[in-house]
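See structure below.
In each ligand, atom 1 is the first atom listed, and ligand 1 is the first ligand listed.
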Amino acid sequence: MNDRTEASSAAAPEAASGNASGAATRVLVLNSGSSSVKYQLLDMAGGAGTVTGGRGALLASGLVERIGEGPVADHAAALRQAAGELADRGLGLDSPRLAAVGHRVVHGGTRFTEPTLVTDEVLAEIEKLVPLAPLHNPANITGIRVARELRPDLPQVAVFDTAFHATIPEHAARYAIDTATADAYGIRRYGFHGTSHSYVSRATAALLGRDPDQVNTIVLHLGNGASASAVRGGVCVETSMGLTPLEGLVMGTRSGDLDPAVIFHLVREAGMPAEEVDTLLNKRSGLLGLCGDNDMREIGRRMAEGDDAARLAFEVYVHRLRKYVGAYTAVLGRVDAVAFTAGVGENSVAVRQAALSGLTALGIEIDPVRNALRGGGARLVSADSSRVAVAVVPTDEELEIAAQAYELVGAVPG
Ligand code: AMP
């Protein structure tokens, strides 16, 4: 599934791109988080289609961390450092071969449901969404601003984490609260990780040798953040994250679903200010809250040593996952595939096994031997007798962002 090759030779970057024509086929993808900037430079000369036939050649990638501490004072400094690293490899941002910068933007609200060319008006609209994503959108906005300053002539494309979920029907998007209040404050279920759910659902169809519009898939994106989605014929109809990424599955440090009255109880009985409850549920809950570790590898090690807290954390995590698989089976009616992706989904044999064992009644039979095989690419881990295909599909959000940005700006003939 991953056809990209890293060009390690800084001496021959043009040759490494596989595109000697000089056309503008490169896309810089920026993922600006609160304290880090991740970047990838990809050459999309093979075409914008990521899953079926197209290729994105990875020319360079990097991570600038600890923004705000030490030498990297702010996002502007981080981006300048990234630009410098690329220039050192002969891949500077002044290159005429750069077609666009693709930015991951976490929250697009109801306004942005497609990749969008950034203008002043678009930036102002993304700014208005900050109350919905106070931890994420400000950093994304800064990334866009600085990239625009570095190359004002270059198209900047915003790709939204919420966009793929814009198709979920109103009855799934609505919380059952007072409608006027909900509408006044934009309270509804938006969903996140959309770029990954979109990519993985299509890659799963490709693995099965079928068109995406023929396949119903439950995608389980299990990273440090985690979310499930139900995708019917390529269209997302349900997802587990909501107004914010806090709802749904148990995550590394987030609680996922809980009775909202827990919050009132903490405010009233424990005297916690709202901000502290926010931090508790987002940063000190989930696997970390349950057992003190948020890394599934460490939890696995502790379980092997007979650690009860680690075992319970694992069981709470897996139980929630099974509930969502069952619920989404009912939502879809017919399920063709369950696809695991992201750090835990791609690597944890134990989570996949525990989440799907004993579900023969739902047509899901995981094969323990296939599941235990380590492999790089997209692969099936279901038994031959399983009605539902179970797949492990490595996600590639950067490639998907690059493809969407490239598609939007259109290939420049070389
Ligand atoms: P992501 O957010 O997709 O980068 O996923 C990060 C998480 O993946 C980590 O916090 C780990 O819990 C988990 N992870 C990464 N590698 C493994 C592995 N080999 N086995 C189990 N979990 C893993």
Under 4.0 Å from atom 20 (N) of ligand 1, do we find at least one protein heavy atom?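 Looking at atom 20 (N) of ligand 1, one finds that a protein heavy atom does lie closer than 4.0 Å.
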N224, any N or O under 3.5 Å of ligand 1 N or O: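 N224 vs ligand 1: N/O contact under 3.5 Å present.
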Is the shortest N/O to N/O distance between G343 and ligand 1 below 3.5 Å?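 Among all N and O atoms of G343, at least one is under 3.5 Å from an N or O of ligand 1.
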Can you sort out which atoms of ligand 1 are near A342, meaning under 4.0 Å from one of its heavy atoms?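 The atoms of ligand 1 under 4.0 Å from a heavy atom of A342 are 3 (O).
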Pull out every atom of ligand 1 sitting under 4.0 Å from any heavy atom of G223, numbered as shown with elements.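 Reading through ligand 1 atom by atom, the close ones are 1 (P), 2 (O), 3 (O), 5 (O).
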Does this structure show an ion pair linking [X] with [Y], if we count only N-O contacts that are shorter than 4.0 Å?
| X | Y | result |
| --- | --- | --- |
| E127 | R145 | yes |
| E238 | R189 | yes |
| R370 | D384 | yes |

Looking only at protein heavy atoms, identify the closest one to atom 11 (C) of ligand 1 and say how far it is in Å.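 The closest heavy atom on the protein side is D295 OD1, 3.3 Å.
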To which protein heavy atom is atom 22 (N) of ligand 1 closest, and what is the distance rounded to 0.1 Å?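 For atom 22 (N) of ligand 1, the nearest protein heavy atom comes out as M296 CB, 3.5 Å.
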Which one of L288, L287, V349, V344 has a non-hydrogen atom at the shortest distance from atom 13 (C) of ligand 1?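 Of the listed residues, V344 has the closest heavy atom.
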My understanding is that only one of I144, V409, V157, L154 makes a side-chain contact (heavy atoms from CB on, under 4.5 Å) with V101; could you say which?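 Single pass found, and it is L154.
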Close aromatic pair by centroid cut-off 6.0 Å: Y190 and H107: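 Ring centres of H107 and Y190 closer than 6.0 Å.
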When the aromatic ring centroids of H197 and H165 are compared, is their separation below 6.0 Å?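 Yes, ring centres under 6.0 Å apart.
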